[in-house]
Amino acid sequence: MSVLVTGGTGYIGSHTCVVLIEAGYDVIIADNLYNSKLDVLDKIESITGKKPKFYCADVSNKEELDVIFKENKIDSILHFAGYKAVGESVGVPLKYYRNNLLGTIALAECALEYQVPKFIFSSSATVYGDGSVPYRESNPLLPSTNPYGETKVMSERILSDTAKVNPGLSVTLLRYFNPIGAHKSGLIGEIPVGTPNNLMPYITQVAKGKLAKLRVFGSDYDTVDGTGVRDFIHVVDLAYGHMAALEKMKQGVNVYNLGTGKGTSVLELIHTFQNVNNITIPYDIVDRRPGDVASSYADVSKAWEELGWKTEKSVEDMCRDSWFFEKNQ
Ligand code: NAD
Ligand code: UD1
């Protein structure tokens with residue numbers, strides 16, 4: 001079975017390539033290296049013993065995609081490629097709408113043209129907006145506070161509408177919660193460009209001394225300790241979730257939350273990181289960050305019942321593996 005992994009040199013894509021190669025899939029990566037480096041291919045080879053075939057291609061460019069689909073018989077598409085910086089998307093919305101929507105459209109066109117039966121899309125819990133937790137797949141999709149989130153809602157719609165009228169194409173929309181952690185080898189992980197916006201990369205950079213102090217955004221939320229609560233998921237568990245979704249894909253349109261089902265507060269994450277790694281993370285409590293929700297965690301029963309998938313790794317594992325990766329940088 002050959003799988004086209006767009007964004008396969010990126011953070012989540014690279015971990016998913018490792019899991020797929022280890023399970024015997026033929027993996028072909030398409031990535032334009034906007035937010036990743038070519039040496040990730042060597043790292044995937046070090047871990048799995050196999051270097052995936054690679055195309056430096058822009059997935060929003062249909063002609064570049066045609067080359068890949070003509071040269072390879074693709075059985076499934078895993079579409080990770082996209083821009084993901086929420087703050088930047090507010091400042092330059094067209095950059096996000098162009099890249100993320102045209103990528104989805106061009107790939108869906110290829111799926112139909114080259115008769116690819118399975119398409120998996122990287123969506124996000126951001127589509128639930130500020131709804132009530134735990135988020136279920138049947139919850140209404142709420143307007144996002146940013147263009148990045150809108151591209152996820154729109155891409156879901158584009159792919160669902162396409163699959164509904166094309167019975168030869170089945171689509172699975174995977175709504176990720178907060179992926180953190182890294183492969184246990186310390187070879188692949190998340191490498192943010194510039195100052196990180198997300199919590200775990202910020203913590204690891206403070207731990208390393210690259211950044212002086214963490215800012216905790218808000219301590220007056222209606223949560224266990226007043227700080228934000230998130231459903232952190234180990235990126236390797238997330239990668240296995242993709243393989244389960246691929247293997248158990250049902251005809252039509254499928255939607256699954258990929259999370260642990262458990263909320264962890266910002267302070268709980270900091271304390272766990274400090275304890276398992278024996279490092280102090282200096283922090284200040286500051287005002288809330290605009291656009292943040294108090295609590296976000298998944299109802300994961302659908303993924304368990306239909307995909308037979310659930311997470312195995314703990315928050316301790318996530319903190320240990322994130323730090324091990326950062327230390328190796
Ligand atoms: P990432 O930036 O590490 O990986 C994305 C990859 O896509 C990068 O290697 C980048 O070079 C590539 N890319 C971007 N635009 C491209 C284009 N037009 N053509 C070809 N390649 C292109 O991001 P990630 O964290 O691995 O996220 C993967 C997907 O999961 C994204 O769609 C993201 O929106 C989604 N997602 C991520 C998170 C998260 O917290 N990381 C949460 C929810 C959803
Ligand atoms: C953010 C995005 C979401 C995106 C996800 C992955 C927003 C509003 N949401 O999710 O759309 O899918 O990243 O890219 O940007 N925190 C701190 N200090 C920091 C950083 C974060 O206290 O320096 C807190 C936040 O306030 C939040 C929690 O940590 O409560 C998690 O934040 P973050 O890692 O940025 O993820 P989300 O906001 O959940």
Side-chain angles (χ1 to χ4, degrees), residues 5-16 29-38 40 55-61 64-65 78-90 95-96 98-100 102-104 106-107 121-130 144-146 148-149 151-152 155 174-180 188-193 195-203 205-206 211 213-219 221 223 227-233 235 238-239 258-259 264-267 269-270 283-297:
V5 182
T6 77
T9 42
Y11 174 44
I12 306 170
S14 59
H15 288 83
T16 306
I29 295 177
D31 199 301
N32 64 359
L33 303 177
Y34 172 85
N35 197 34
S36 56
K37 298 227 165 67
L38 203 53
V40 169
Y55 288 86
C56 186
D58 182 337
V59 299
S60 67
N61 182 325
E64 291 183 27
L65 289 180
L78 263 67
H79 179 31
F80 295 93
Y83 297 155
K84 63 165 184 177
V86 172
E88 186 190 42
S89 81
V90 175
K95 174 175 172 179
Y96 277 70
R98 165 175 281 280
N99 193 55
N100 293 3
L102 295 189
T104 299
L107 276 164
F121 174 66
S122 300
S123 189
S124 165
T126 193
V127 301
Y128 296 117
D130 198 2
S144 178
T145 52
N146 59 78
Y148 164 76
T151 69
K152 293 299 175 194
S155 290
L174 297 178
R175 296 179 181 153
Y176 312 156
F177 280 70
N178 287 59
I180 58 172
I188 52 173
E190 185 172 18
I191 307 173
V193 178
T195 307
N197 297 308
N198 296 117
L199 181 60
M200 183 54 95
Y202 209 106
I203 291 177
Q205 293 200 10
V206 170
L211 295 167
K213 228 179 201 183
L214 175 71
R215 287 170 305 155
V216 172
F217 297 132
S219 60
Y221 287 110
T223 59
T227 63
V229 164
R230 294 294 182 271
D231 186 340
F232 298 101
I233 173 172
V235 66
L238 187 62
L258 295 186
T264 300
S265 77
V266 173
L267 287 182
L269 189 75
I270 297 168
Y283 66 85
D284 286 330
I285 297 198
V286 300
D287 285 346
R288 292 179 178 194
R289 183 172 66 176
D292 273 352
V293 299
S295 287
S296 162
Y297 54 92

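Positions are given from 1, in the same order as the sequence printed here. One-based numbering, in listed order, for ligands and for the atoms of each.
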Engineer: Relative to the heavy atoms of S36, which atoms of ligand 1 are at a distance of less than 4.0 Å?
Structural biologist: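 Those qualifying, in numeric order: 8 (C), 9 (O), 11 (O).
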Engineer: Hey, does A125 sit under 4.0 Å from ligand 1 if you only count heavy atoms?
Structural biologist: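 The answer is no: ligand 1 sits nowhere under 4.0 Å from a heavy atom of A125.
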Engineer: Which is it for E88 and Y148 under the side chain to side chain donor-acceptor pair (under 3.5 Å) test, yes or no, and what are the steps along the way?
Structural biologist: CA-CA 9 Å; E88 186 190 42; Y148 164 76; over 6 Å; no
Engineer: Should P192 and Q205 count as side-chain neighbours, where that means a heavy-atom distance under 4.5 Å?
Structural biologist: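 The answer is yes, as the side chains (C-beta and beyond) meet within the 4.5 Å cut-off.
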Engineer: Can you tell which of R288, R175, R230 gets a heavy atom nearest to atom 39 (O) of ligand 2?
Structural biologist: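 Nearest heavy atom to atom 39 (O) of ligand 2 lies in R230.
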Engineer: Could you give me the CA-CA distance, side-chain angles and deciding distance for H79 and T104, then say whether side-chain contact (heavy atoms from CB on, under 4.5 Å) is met?
Structural biologist: CA-CA 8 Å; H79 179 31; T104 299; 3.4 Å; yes
Engineer: Pairs of nitrogen or oxygen atoms closer than 3.5 Å, one from Y202 and one from ligand 2: do any exist?
Structural biologist: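 No - when backbone and side-chain N and O of Y202 are compared with those of ligand 2, no distance drops under 3.5 Å.
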Engineer: What is the closest protein heavy atom to atom 19 (N) of ligand 1, and at what distance does it sit?
Structural biologist: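 Looking at atom 19 (N) of ligand 1, the protein heavy atom closest to it is V59 N, 2.9 Å.
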Engineer: Using side-chain contact (heavy atoms from CB on, under 4.5 Å), reason through S14 and T9 one step at a time and then give a plain yes or no.
Structural biologist: CA-CA 5 Å; S14 59; T9 42; 5.9 Å; no
Engineer: Quick test: of every protein heavy atom, which one is nearest to atom 37 (C) of ligand 1, and how far off is it to 0.1 Å?
Structural biologist: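 Of the protein heavy atoms, I12 CD1, 3.7 Å lies nearest.
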Engineer: Output the list of atoms in ligand 1 that are nearer than 4.0 Å to some heavy atom of S123, sorted by atom number.
Structural biologist: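 Contacts of ligand 1 toward S123, numbered from 1: 43 (C), 44 (C).
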Engineer: May I ask you to identify, for L214, whether its side chain, its backbone, both or neither come under 4.0 Å of ligand 2 on a heavy-atom basis?
Structural biologist: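 It is the side chain that touches ligand 2; the backbone stays farther off.
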Engineer: Which residues satisfy the salt bridge (charged side-chain N to carboxylate O under 4.0 Å, His left out) test with D284, sequence neighbours excluded?
Structural biologist: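 With sequence neighbours excluded, D284 shows a salt bridge (charged side-chain N to carboxylate O under 4.0 Å, His left out) to K213, given in chain and number order.
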Engineer: Checking a contact table here: which protein heavy atom is nearest atom 31 (C) of ligand 1, and how many Å away?
Structural biologist: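 Of every protein heavy atom, F80 O, 3.1 Å lies nearest to atom 31 (C) of ligand 1.
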Engineer: Closer than 4.0 Å to some heavy atom of Y34 - which atoms of ligand 1 meet that?
Structural biologist: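 Close to Y34: 11 (O).
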Engineer: Should Y11 be counted as touching ligand 1, given the test is an N or O pair under 3.5 Å?
Structural biologist: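 Yes - when backbone and side-chain N and O of Y11 are compared with those of ligand 1, one distance drops under 3.5 Å.
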Engineer: Out of curiosity, is L33 lining ligand 1, as in a heavy atom under 4.0 Å away?
Structural biologist: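 Checking ligand 1 against L33, which is what was asked, there is a heavy-atom contact under 4.0 Å.
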Engineer: For atom 1 (P) of ligand 1, what's the nearest protein heavy-atom neighbour? Residue, atom name and distance, please.
Structural biologist: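 Residue, atom and distance for the closest contact: N35 ND2, 3.8 Å.
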Engineer: Would you mind checking which non-hydrogen protein atom is closest to atom 25 (O) of ligand 1, with the distance to 0.1 Å?
Structural biologist: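 The closest one turns out to be K84 NZ, 2.8 Å.
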Engineer: When you measure from atom 38 (O) of ligand 2 to each heavy atom in K213, R289, E190, Q205, which option holds the nearest one?
Structural biologist: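 The nearest heavy atom belongs to R289.
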Engineer: Just which atoms of ligand 2 are under 4.0 Å from any heavy atom in R215?
Structural biologist: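 So the atoms of ligand 2 that pass are 17 (C), 18 (N), 19 (C), 22 (O), 23 (O).
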Engineer: Within a distance under 4.0 Å of any heavy atom of S122, pick out the atoms of ligand 1 and give their elements.
Structural biologist: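 Listed by number with element: 29 (C), 30 (O), 32 (O), 35 (C).
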Engineer: Run the numbers for me: atoms of ligand 2, each under 4.0 Å from some heavy atom of T126, listed by number.
Structural biologist: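 Counting atoms of ligand 2 from 1, those under 4.0 Å from T126 are 11 (O).
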Engineer: For K152, which part has a heavy atom under 4.0 Å from ligand 1: side chain, backbone, both, or neither?
Structural biologist: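 Contact part for K152 vs ligand 1: side chain (C-beta onward).
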Engineer: Could you check if a side-chain atom of L199 sits within less than 4.5 angstrom of a side-chain atom of R230, using non-hydrogen atoms only?
Structural biologist: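 No; the side chains remain at least 4.5 Å from each other.
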Engineer: If you measure every N or O of M200 against every N or O of ligand 2, does any of those distances drop under 3.5 Å?
Structural biologist: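 Such a contact does not occur with ligand 2.
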Engineer: Is there a heavy atom of E190 sitting under 4.0 angstrom from any atom of ligand 1?
Structural biologist: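 Contact absent.
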Engineer: Can you find an N/O atom of Y176 closer than 3.5 Å to an N/O atom of ligand 1?
Structural biologist: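 There is no such contact.
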Engineer: Please check if the side chain of Y11 supplies one atom and the backbone of S36 the other of a donor-acceptor pair under 3.5 Å.
Structural biologist: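 Absent.
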Engineer: Which ligand 2 atoms are under 4.0 Å away from a heavy-atom of G228?
Structural biologist: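 That gives atoms 30 (O) of ligand 2.
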Engineer: Just to check, does S14 reach to within less than 4.0 Å of ligand 1 when the distance is taken from its heavy atoms?
Structural biologist: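 In this structure, S14 fails to qualify as a contact of ligand 1 - no heavy atom is under 4.0 Å.
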Engineer: At a 4.0 Å threshold, what atoms of ligand 2 neighbour a non-hydrogen atom of G291?
Structural biologist: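 Under 4.0 Å from G291, ligand 2 has these atoms: 8 (C).
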Engineer: Does the residue P179 have a heavy-atom contact with ligand 1, meaning some pair of atoms that are separated by less than 4.0 Å?
Structural biologist: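 Under 4.0 Å: yes for P179.
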Engineer: Can you name the atoms of ligand 1, numbered from 1 with element, that are less than 4.0 Å from a heavy atom of D58?
Structural biologist: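 Close to D58: 17 (C), 18 (N), 19 (N).
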Engineer: Could you list which atoms of ligand 1 come closer than 4.0 Å to a heavy atom of G7?
Structural biologist: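 Matching atoms, with element in brackets: 6 (C), 7 (O).
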Engineer: Of the listed options (L199, V229, T145), which comes nearest to atom 21 (C) of ligand 2 when hydrogens are ignored and any heavy atom counts?
Structural biologist: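 That would be L199.
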Engineer: Distance to 0.1 Å, residue and atom name: give those for the protein heavy atom nearest to atom 17 (C) of ligand 1.
Structural biologist: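 The answer is N32 ND2, 3.4 Å.
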Engineer: Could you tell me which residues satisfy salt bridge (charged side-chain N to carboxylate O under 4.0 Å, His left out) with K37, sequence neighbours excluded, listed by chain and number?
Structural biologist: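 K37 satisfies salt bridge (charged side-chain N to carboxylate O under 4.0 Å, His left out) with no residue once adjacent residues are dropped.
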Engineer: With side-chain contact (heavy atoms from CB on, under 4.5 Å) as the test, would you mind laying out the steps for N32 and N61 before giving the verdict?
Structural biologist: CA-CA 11 Å; N32 64 359; N61 182 325; over 6 Å; no
Engineer: Examine distances only and state if a side-chain atom of T227 and a backbone atom of S265 form a donor-acceptor pair shorter than 3.5 Å.
Structural biologist: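 Between the backbone of S265 and the side chain of T227 there is no qualifying donor-acceptor contact (under 3.5 Å).
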Engineer: For D58, does its backbone N or O pair with a side-chain atom of E64 as donor and acceptor, under 3.5 Å?
Structural biologist: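 Checked: pair present.
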Engineer: Apply the test side-chain contact (heavy atoms from CB on, under 4.5 Å) to residues M200 and F232: give CA-CA distance (whole Å), side-chain angles for both, the deciding distance (0.1 Å), then the verdict.
Structural biologist: CA-CA 10 Å; M200 183 54 95; F232 298 101; 5.9 Å; no
Engineer: Taking the minimum heavy-atom distance to atom 13 (O) of ligand 2, which of N197, N198, L269 ranks first?
Structural biologist: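 Looking at heavy atoms only, the winner is N198.
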Engineer: Applying a strict 4.0 Å limit to heavy atoms, is S296 in contact with ligand 2?
Structural biologist: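 Checking ligand 2 against S296, which is what was asked, there is no heavy-atom contact under 4.0 Å.
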Engineer: Looking only at heavy atoms, what is the nearest atom pair of R215 and V286, with distance?
Structural biologist: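 Minimum heavy-atom separation between R215 and V286: CB-CG2, 3.8 Å.
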Engineer: Could you identify the single nearest non-hydrogen protein atom to atom 34 (O) of ligand 1 and state the distance to 0.1 Å?
Structural biologist: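 Going atom by atom, the protein heavy atom closest to atom 34 (O) of ligand 1 ends up being Y148 OH, 2.8 Å.
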Engineer: Of V59, D31, T16, I29, which meets side chain to side chain contact (heavy atoms under 4.5 Å, CB included) against F80?
Structural biologist: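 Result: among V59, D31, T16, I29, T16 is the only option passing the side chain to side chain contact (heavy atoms under 4.5 Å, CB included) with F80.
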Engineer: Which of the atoms in ligand 2, numbered in the order shown and given with their element, are less than 4.0 Å from a heavy-atom of N178?
Structural biologist: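 Under 4.0 Å from N178, ligand 2 has these atoms: 36 (O), 37 (P), 39 (O).
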Engineer: Which of the atoms in ligand 2, numbered in the order shown and given with their element, are less than 4.0 Å from a heavy-atom of S124?
Structural biologist: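 Numbered from 1, ligand 2 contributes 12 (O).
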Engineer: Who's the nearest protein heavy-atom neighbour of atom 4 (O) of ligand 1, and how far?
Structural biologist: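 Sorting protein heavy atoms by distance from atom 4 (O) of ligand 1 puts G10 CA, 3.4 Å first.
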Engineer: Do the non-hydrogen side-chain atoms of Y176 and I233 ever get within less than 4.5 Å of each other?
Structural biologist: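 Not touching, per the 4.5 Å side-chain cut-off.
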Engineer: Any idea which atoms of ligand 1 are less than 4.0 Å away from a heavy-atom of A57?
Structural biologist: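 The list of qualifying atoms is 19 (N), 20 (C).
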Engineer: Does CZ belonging to R288 count more than 12 external heavy atoms closer than 6.0 Å?
Structural biologist: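 It does: R288 CZ has more than 12 such atoms within range.
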Engineer: Show me which atoms of ligand 2 lie under 4.0 Å from any heavy atom of Y148.
Structural biologist: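 What qualifies from ligand 2 is 11 (O), 12 (O).
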Engineer: Evaluate the side-chain proximity of L267 to Y283: yes if any heavy-atom separation is below 4.5 Å, no if none is.
Structural biologist: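 Yes, close enough: below the 4.5 Å cut-off.
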Engineer: Provide the number and element of each atom of ligand 2 under 4.0 Å from a heavy atom of V216.
Structural biologist: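 Listed by number with element: 22 (O).
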Engineer: With a 4.5 Å limit on heavy-atom distance, are the side chains of Y83 and T151 in contact?
Structural biologist: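 No; the side chains remain at least 4.5 Å from each other.
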